[in-house]
Amino acid sequence: MVLPVISPSFVFSLGEGWTPLVLTRRLGTHYGLRMLRVKDESRNPTLSFKDRGLCVAISKHAELGSTAFAIPSAGNAAVSTSTYSAVGGIPAYIFMPEDTPRPFFEDCQMYGAITTSNPGSISDSAAAMREKGGKWTDLSTTKEPYRIEGKKTLAFEIAEQMGWSLPDAIVCPTGGGTALIGIWKGLDELEAVGLIGRQRPRMYAAQSGGCAPVVRAFETGADTIEPWLNGETKAFGLRVPSPFAGRLIMHALYRSSGGAVAVAEHEIASTMSLIAKLEGLDVCPEAAVGFAGLSNLIESGQVDYDEEVVVLNTGSGVKYRQA
Ligand SMILES: Cc1ncc(COP(=O)(O)O)c(C=O)c1O
């Protein structure tokens with residue numbers, strides 16, 4: 001058994017996961033890559049990869065007796081939390097930055113969550129949540145173990161969908177780092193049960209140049225991440241000034257011989273449009289950072305033309321367009 005929930009009655013599933021690993025036809029050629037695949041997480045029940053982690057976390061904490069949940073979020077994790085809390089019939093309290101696109105607030109409210117909007121970044125929303133206090137389980141990124149358990153299924157699926165082989169590189173748009181850390185853990189577990197060998201893909205974190213604490217840490221060879229002051233990016237999910245699990249993020253980047261890449265803010269909108277037109281995929285601004293990051297990695301020679309690469313489309317762009 002690889003996931004933590006024991007009783008089937010606490011599996012609050014809506015059919016998350018097993019998203020397609022799309023082999024691109026024209027986008028790979030555009031970047032000059034032989035094999036570019038997109039793990040399309042926009043097909044999850046609430047349209048983002050956050051469903052994996054929050055389905056498992058909410059189910060497991062409910063099994064352990066939680067009676068309420070709270071989370072600071074840039075939008076997608078909030079909607080996942082509201083949705084899976086609704087499945088379990090458990091109250092959810094959501095703290096989001098006030099500039100989060102309105103559809104995220106509306107979706108949370110539709111699922112019955114109590115939302116609060118706060119000035120500043122997700123860190124300020126987390127501070128507002130702590131200040132308010134409540135008898136809830138705190139689902140903040142990497143402050144409890146079970147969201148990462150859900151995220152590790154990304155690694156299981158990528159390996160299985162590639163016939164138990166692995167790509168040369170995986171590019172993850174990175175804020176708090178749940179995808180990176182989860183995939184890294186999942187790969188270790190696959191090795192432990194003998195489904196893969198010791199070989200690992202190079203893991204790359206992609207961030208907007210407007211808020212790039214992971215890139216700065218990588219460039220200075222640091223093991224920990226210094227806070228990025230006054231970060232600004234339209235990829236709201238990547239506006240994480242100080243990832244709590246900085247050490248784990250850096251560990252995955254260094255151990256895999258991967259890296260971290262920053263992307264100019266103006267590339268986000270043009271990349272979203274490029275991918276829609278070339279590949280028929282609806283990507284969110286955060287994922288656009290991943291694709292633009294890949295383009296930079298190819299240009300700088302860190303990714304080679306004949307390598308197999310997977311980029312995560314971490315979510316749909318629809319709520320951003322509605323806003
Ligand atoms: C669509 C999307 N992509 C990427 C991220 C960054 O994910 P993580 O914080 O797990 O690194 C987020 C976080 O909010 C997000 O909503």
Side-chain angles (χ1 to χ4, degrees), residues 19 38-44 46-54 56-57 71-81 94-97 99-101 103-104 107-108 121-123 125-126 139-144 146-154 170-185 203-208 211-215 225 228 231 233-246 248-250 252-253 260 263 268 271-272 275 281-293 311-321:
T19 54
V38 180
K39 183 67 173 157
D40 189 7
E41 291 289 290
S42 72
R43 322 284 184 99
N44 277 299
T46 80
L47 315 185
S48 92
F49 75 142
K50 300 284 179 182
D51 288 348
R52 292 179 187 268
L54 285 153
V56 172
I71 192 166
S73 166
N76 284 305
V79 177
S80 289
T81 299
I94 306 294
F95 296 80
M96 284 190 278
D99 56 3
T100 306
F104 288 105
D107 278 19
C108 293
S121 73
I122 191 170
S123 304
S125 289
L139 293 174
S140 299
T141 299
T142 61
K143 290 199 175 171
E144 57 72 56
Y146 300 119
R147 285 177 63 186
I148 292 292
E149 291 300 297
K151 286 286 174 72
K152 75 187 182 188
T153 59
L154 273 166
I170 300 180
V171 182
C172 302
T174 299
T178 60
L180 255 179
I181 298 166
I183 290 174
W184 195 244
K185 182 168 197 283
M203 303 295 298
Y204 290 98
Q207 298 198 298
S208 159
C211 184
V214 176
V215 179
I225 297 174
W228 186 281
T233 169
K234 285 274 172 268
F236 293 107
L238 308 187
R239 192 178 53 181
V240 181
S242 185
F244 185 68
L248 296 180
I249 294 174
M250 301 314 293
L253 301 184
V263 165
I268 295 177
T271 304
M272 289 170 77
I275 293 162
L281 291 172
D282 170 18
V283 309
C284 57
E286 293 82 358
V289 168
F291 288 99
V311 180
L312 303 183
N313 176 22
T314 44
S316 156
V318 69
K319 293 196 186 70
Y320 300 87
R321 285 196 300 278

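Atoms within a ligand are numbered from 1 in the order they appear, just like the ligands themselves. Given the structure is predicted, the values throughout are model-derived calculations rather than measurements.
- Salt bridge K185/E149: present, at least one basic N to carboxylate O contact under 4.0 Å.
- For the pair E41 and ligand 1, no heavy-atom separation below 4.0 Å is found.
- Under the 4.5 Å side-chain criterion, counting only non-hydrogen atoms from C-beta, T46 is not in contact with N76.
- Applying the 4.0 Å criterion to heavy atoms of C284 picks out, from ligand 1, the atoms 1 (C).
- Using a 3.5 Å distance cut-off with no hydrogens or angles, the side chains of S316 and D282 do pair a donor with an acceptor.
- Of the polar atoms of T314, at least one N or O is found under 3.5 Å from an N or O of ligand 1, judged by distance alone.
- When each atom of ligand 1 is checked for a heavy atom of T174 under 4.0 Å away, the hits are 11 (O).
- Residues R147 and I71 have side chains in contact (heavy-atom distance under 4.5 Å, counting atoms from C-beta outward).
- Residue T178 has at least one nitrogen or oxygen atom sitting less than 3.5 Å from a nitrogen or oxygen atom of ligand 1, judged on distance alone.
- Relative orientation of the F104 and Y320 rings is perpendicular, given thresholds of 30° and 60° on the angle between their planes.
- Look at G177 and you'll find a heavy atom under 4.0 Å from some atom of ligand 1.
- Interface atoms of ligand 1 facing K50, defined by a heavy-atom separation under 4.0 Å, are 7 (O), 8 (P), 9 (O), 10 (O), 12 (C), 13 (C), 14 (O), 15 (C), 16 (O).
- Shown here for L238 and Q207, the closest heavy-atom pair between the two residues is CD1-CA, 4.4 Å.
- At least one N or O atom of G176, backbone or side chain, sits closer than 3.5 Å to an N or O atom of ligand 1.
- Close to ligand 1: L238, with a non-hydrogen atom less than 4.0 angstrom away.
- Against a heavy-atom cut-off of under 4.0 Å, G175 is close to the following atoms of ligand 1: 6 (C), 8 (P), 9 (O), 11 (O).
- Just one of V283, L312, L281 meets the side chain to side chain contact (heavy atoms under 4.5 Å, CB included) condition when paired with V38; it is L281.
- Side chain of S73 to backbone of A78: a donor-acceptor contact under 3.5 angstrom is found.
- For the pair V240 and ligand 1, no heavy-atom separation below 4.0 Å is found.
- Not a single heavy atom of S48 sits under 4.0 Å from any atom of ligand 1.
- Distances between N or O atoms of Y320 and those of ligand 1 include no value under 3.5 Å.
- Among protein heavy atoms, atom 7 (O) of ligand 1 sits closest to F49 CZ, 3.3 Å.
- For the pair D40 (side chain) and S42 (backbone), a donor-acceptor distance under 3.5 Å is present.
- Every heavy atom of F236 sits 4.0 Å or more from the atoms of ligand 1.
- Less than 4.0 angstrom separates some heavy atom of N76 from each of these atoms of ligand 1: 1 (C), 15 (C), 16 (O).
- Here the closest heavy-atom approach between residue W228 and residue C211 is recorded as NE1-CA, 3.6 Å.
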